[in-house]
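No hydrogens, no waters, no symmetry mates; every other heavy atom, side chains included, goes into these values.
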Amino acid sequence: VSSTVAATTVHNFTLENTEITANSVIMLTLQNPTSADEDNVHVSLQSVTSGRAIINIANNTSTQATAQVRKIHFIVMN
């Protein structure tokens with residue numbers, strides 16, 4: 001997924017994976033290329049169902065859109 005996240009905005013996207021069940025635990029980490037705004041961008045898990053999970057990415061700064069490329073890492077535990 002490639003997108004700029006505006007200030008004070010949350011975007012979500014669907015992660016589809018056959019290993020995900022309704023009872024899966026999904027751990028997320030966000031890799032930032034620099035530490036400049038790492039306190040302002042966060043990832044979270046919105047919901048989990050069989051075969052999919054909805055992930056949120058939030059930009060909590062009130063002044064600027066995100067401009068850096070970030071990577072979201074995940075692991076599915078059943």
Side-chain angles (χ1 to χ4, degrees):
V1 174
S2 178
S3 180
T4 299
V5 181
T8 64
T9 302
V10 177
H11 283 235
N12 65 49
F13 63 92
T14 301
L15 169 67
E16 294 183 346
N17 187 301
T18 57
E19 296 298 318
I20 298 174
T21 69
N23 296 318
S24 293
V25 173
I26 300 174
M27 296 183 70
L28 304 169
T29 61
L30 180 65
Q31 180 179 344
N32 285 311
T34 69
S35 61
D37 62 354
E38 67 182 14
D39 292 338
N40 295 320
V41 180
H42 303 279
V43 293
S44 61
L45 188 61
Q46 180 176 318
S47 63
V48 179
T49 58
S50 184
R52 66 180 51 192
I54 297 179
I55 298 172
N56 296 326
I57 183 165
N59 180 359
N60 295 322
T61 184
S62 61
T63 58
Q64 64 188 18
T66 59
Q68 300 177 5
V69 175
R70 292 173 171 82
K71 295 179 183 178
I72 298 173
H73 303 273
F74 69 91
I75 185 169
V76 177
M77 295 179 282
N78 292 318

Peer 1: Atom CG in Leu30, atom NE2 in His73: separation rounded to 0.5 Å?
Peer 2: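 So the gap between those two atoms works out to 8.0 Å.
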Peer 1: So which residues get pulled into Val25's cluster when ILVMFWY side chains under 4.5 Å apart are joined, directly or through others?
Peer 2: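 Its cluster partners, ordered by chain and number, are Met27, Ile75, Met77.
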Peer 1: Could you give the distance from CD (Glu16) to CD1 (Ile54), rounded to the nearest 0.5 Å?
Peer 2: 10.0 Å
Peer 1: Once you round to the nearest 0.5 Å, how far does CG of Asn59 lie from NE2 of His42?
Peer 2: 9.0 Å
Peer 1: Is there a side-chain contact between Phe74 and Asn17 (heavy atoms, below 4.5 Å)?
Peer 2: yes
Peer 1: Can you give me the closest heavy-atom contact between Ala53 and Leu45, atom names plus distance?
Peer 2: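 Heavy atoms of Ala53 and Leu45 come nearest at CB-CD1, 3.9 Å.
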Peer 1: Look up atom CG in Asn12 and atom CD1 in Ile57, then write down how far apart they are to the nearest 0.5 Å.
Peer 2: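 The distance works out to 11.0 Å.
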Peer 1: What heavy-atom pair brings Arg52 and Ile20 nearest, and what distance separates the two atoms?
Peer 2: O-CG2, 3.8 Å
Peer 1: Has the side chain of Ser24 got a donor or acceptor atom that lies under 3.5 Å from a matching backbone atom of Ile26?
Peer 2: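 Not confirmed, Ser24 side chain does not pair with Ile26 backbone.
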Peer 1: For Val10, what residues pass the side chain to side chain contact (heavy atoms under 4.5 Å, CB included) criterion, not counting sequence neighbours?
Peer 2: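 Only Asn56, Ala58 meet the side chain to side chain contact (heavy atoms under 4.5 Å, CB included) criterion with Val10.
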Peer 1: Could you grab the distance from atom CG of Asn23 to atom OG1 of Thr49, nearest 0.5 Å is fine?
Peer 2: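 Reported value, rounded in 0.5 Å steps: 11.5 Å.
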Peer 1: By side-chain hydrogen bond (donor to acceptor under 3.5 Å, both in side chains), which residues pair with Glu19, not counting sequence neighbours?
Peer 2: none
